[in-house]
Amino acid sequence: MSGVAPYAPLAAQQDGNAPLLRRLYDFTLAHAAGPRAEPWFAGISFVDGAVFPIPPELLQIPMAISRPSHAFRVALIGMASSTAGALLGYAIGAFFYAQLAVPLLELTGHLQQFETFLHAVGQNWLLWPIAFCLTPQLAAMAAGSVPLGIAATVGGSLVGRGSRFLIIAWLLKHHGTRAALLIDRYFHQFAVVAVLLVAAFVVVKYAL
């Protein structure tokens, strides 16, 4: 355990008149350093690796900002949980393809992408780590339906999905405090950009 104290956001030292987004950000940082953050992060990483896209980075980033010295510990938790989720996704693809995999892929709008990936991967197996990096639940179910094999599925998840966790951990371990101070100083600008990015994502995914 490191003796470095968790990062305390500047607004936490101010009165309760901060804007809602500012208070939500401070609330998230405070709980990201709490005892329940790691179990929540593990659960989200598991679900994201298995069946449903819930980006665990949304919790990993504030956890690493609040405690940069724990950044790689958090990344390892994410890698282990996501890989365990990949094994569940593999089992769904291998044994319950019609009953569970197809309805889940239709629900998330990934069925056509799934079928395109299955066709492409037969010609280029290097696509597996990329798929585990970008869409781990799709890759896991595809691995079970091919089947890719459990060892290769574990390896693909650790390399593909794990790379995202480790890159974020490295950046925030070395620059987490600086990033937090910049967010504190320019919170309004960061909030505006974040809202615009979310709006653009919704438009591209669901409106076009």
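- Distance check, rounded to the nearest 0.5 Å: OG1 of T135 to CZ of R161 gives 10.0 Å.
- The line from CZ of R164 to CD of Q60 is 9.5 Å long, rounded to the nearest 0.5 Å.
- I167 and V159 end up in different hydrophobic clusters when Ile, Leu, Val, Met, Phe, Trp and Tyr side chains are linked at under 4.5 Å.
- A heavy-atom distance below 4.5 Å is not found between the side chains of P56 and F46.
- In this structure, F41 CZ and L58 CG are separated by 10.5 Å, a value rounded to the nearest 0.5 Å.
- Minimum heavy-atom separation, V154 to L87: CG2-CD2, 3.8 Å.
- Taking CD of E38 as the reference point, atom OG of S45 lies at 11.0 Å (rounded to 0.5 Å).
- Rounded to the nearest 0.5 Å, atoms CE (M141) and CG (L118) are 11.0 Å apart.
- Here the shortest heavy-atom pairing between Y97 and S145 reads CD1-CB, 4.0 Å.
- In this structure, Y90 and T153 approach most closely via the heavy-atom pair CD1-OG1, 3.2 Å.
- Residues that satisfy the side chain to side chain donor-acceptor pair (under 3.5 Å) test with S157, not counting sequence neighbours, are T83.
- Considering all non-hydrogen atoms of both residues, A86 and A140 come closest at O-CB, 3.5 Å.
- Closest approach of F165 and S82 over heavy atoms only: CE1-CB, 4.1 Å.
- Rounded to the nearest 0.5 angstrom, I44 CD1 and F52 CZ are separated by 12.5 Å.
- Between M79 and L166, some side-chain heavy-atom pair lies under the 4.5 Å cut-off.
- Across A37 and L59, no two heavy atoms sit closer than the pair O-CD2, 3.8 Å.
- Counting heavy-atom neighbours within 6.0 Å of I150 CD1, excluding the residue itself, gives a total of 12 or less.
- At most 12 heavy atoms of other shown residues, nucleotides or ligands fall within 6.0 angstrom of atom CZ in F95.
- With a 6.0 Å radius and a threshold of 12 heavy atoms from other residues, nucleotides or ligands, F72 has its CZ atom above the threshold.
- The only member of L111, L100, V51 that meets side chain to side chain contact (heavy atoms under 4.5 Å, CB included) when paired with L105 is L111.
- At most 12 non-hydrogen atoms from other residues, nucleotides or ligands lie less than 6.0 angstrom from CD of Q112.
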